[in-house]
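Some notes on the structure that comes next.
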Amino acid sequence: MVSGAEDYARNIFINCPFDDKYKPLFDAAVFTIHLSGFEPRCALEASNAGQARLYKIMDMIAGCRYGIHDISRTESSRGRLPRFNMPLELGLDLGCWRYGSGQLGDKRLLIMDRNPYRYQKFISDIAGHDIVSHSNSIGKIICHIRDWLSAESRSSKIAGGGYILGRYRDFRRELPALCTAVKLNREKLTFSDFSWAIRSWLEVQEA
């Protein structure tokens, strides 16, 4: 299922780890997308109901013109199996772009890793794509996403990365008070809660 043309052109699918260690980078990415005038989507919106979850993710990918894929956290640790969700969702988005019809052929993807050329050791088939490294830096994540969106959307209205980073720091300082005002636990915000907080804060700043 593909969303309407207007929603499709604004939707950005984020494919990344969803653990505590990665969360600062994820939060910065979500803020950057909102401030740039786009709508972030991710697997956190889908339930954990097995096959139904995968179908929801596939529908979500098909409903987003843009896809941000961070493959920096695929390796195993402490004897655990590797995490394949990120490569799987990247593959789904690449397939959607390559084999989909209509507006799906106009998809735009940003692929990120933490170090240059690290991906060649475990997913070398994507070497033809322009893959950027973020070094686990919030500032680099923000700048990469901002620059990519500005180029791919051909928009001259998206603020620079340095400005967005400053606004993000302002938002983080004011987030506790915003959560208190609406009786939300800042440490347990859902993806929807966090997106709402960003939109509400930006609306006040722009008023």
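Values below: all heavy atoms of this structure, side chains included; hydrogens, waters and symmetry mates excluded. We count residues from 1, following the sequence as given.
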Does the side chain of [X] reach to within under 4.5 Å of the side chain of [Y], using non-hydrogen atoms?
X      : Y      : answer
Trp148 : Arg108 : yes
Leu44  : Thr190 : no
Leu25  : Cys16  : no
Asp193 : Lys188 : no
Asp170 : Arg173 : yes
Ile33  : Ile14  : yes

So, [X] side chain and [Y] main chain: donor-acceptor pair closer than 3.5 Å or not?
X      : Y      : value
Arg186 : Leu175 : no
His69  : Pro87  : no
Glu45  : Cys42  : yes
Arg65  : Asp106 : yes
Thr180 : Pro176 : yes
Ser36  : Phe38  : no
Ser155 : Ser150 : no

Rounded to the nearest 0.5 Å, what separates atom [atom1] in [X] from atom [atom2] in [Y]?
X      : Y      : atom1 : atom2 : answer
Lys107 : Phe13  : NZ    : CZ    : 8.5 Å
Tyr66  : Leu149 : OH    : CG    : 6.5 Å
Met58  : Cys96  : CE    : SG    : 8.5 Å
Ile138 : Arg172 : CD1   : CZ    : 8.0 Å
Leu90  : Ile111 : CG    : CD1   : 5.0 Å
Ile61  : Arg41  : CD1   : CZ    : 11.0 Å

Apply side chain to side chain contact (heavy atoms under 4.5 Å, CB included) to residues Arg167 and Leu202 and explain how you reach the verdict. CA-CA 9 Å; Arg167 295 296 300 277; Leu202 288 174; 4.2 Å; yes

Which heavy atom of [X] sits nearest to which heavy atom of [Y], and what is that distance?
X      : Y      : result
Ile142 : Gly161 : CG2-O, 3.7 Å
Gly67  : Asp93  : CA-OD2, 3.7 Å
Asp113 : Ser72  : OD1-CA, 3.1 Å
Ile164 : Ala159 : CD1-O, 3.5 Å
Met86  : Asn15  : O-ND2, 2.8 Å
Phe18  : Ala43  : CE1-CB, 4.1 Å

Using 30° and 60° as the class limits, which term best fits the ring planes of Trp201 and Phe31: parallel, tilted or perpendicular?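 Taking Phe31 first and then Trp201, their aromatic rings sit tilted (interplane angle of 30° to 60°).
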
Begin with the C-alpha distance, continue with both residues' side-chain angles, and end with the deciding distance and a verdict on side chain to side chain contact (heavy atoms under 4.5 Å, CB included) for Leu189 and Trp196. CA-CA 10 Å; Leu189 293 177; Trp196 171 85; over 6 Å; no

Carefully, step by step, assess Met112 and Ile141 under the rule side chain to side chain contact (heavy atoms under 4.5 Å, CB included). CA-CA 9 Å; Met112 299 188 291; Ile141 284 273; 3.7 Å; yes

For the hydrophobic clusters of this structure (ILVMFWY residues joined by side-chain heavy atoms under 4.5 Å, transitively), does one cluster hold both Leu109 and Tyr99?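 No.
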
Sole residue of His144, Arg114, His134 in side-chain hydrogen bond (donor to acceptor under 3.5 Å, both in side chains) with Asp70: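 The passing option is His134.
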
Report the C-alpha distance between Asp20 and Lys23 in whole Å, list the side-chain angles of each, state the deciding distance to 0.1 Å, and finish with yes or no for salt bridge (charged side-chain N to carboxylate O under 4.0 Å, His left out). CA-CA 5 Å; Asp20 292 341; Lys23 194 173 187 305; over 6 Å; no

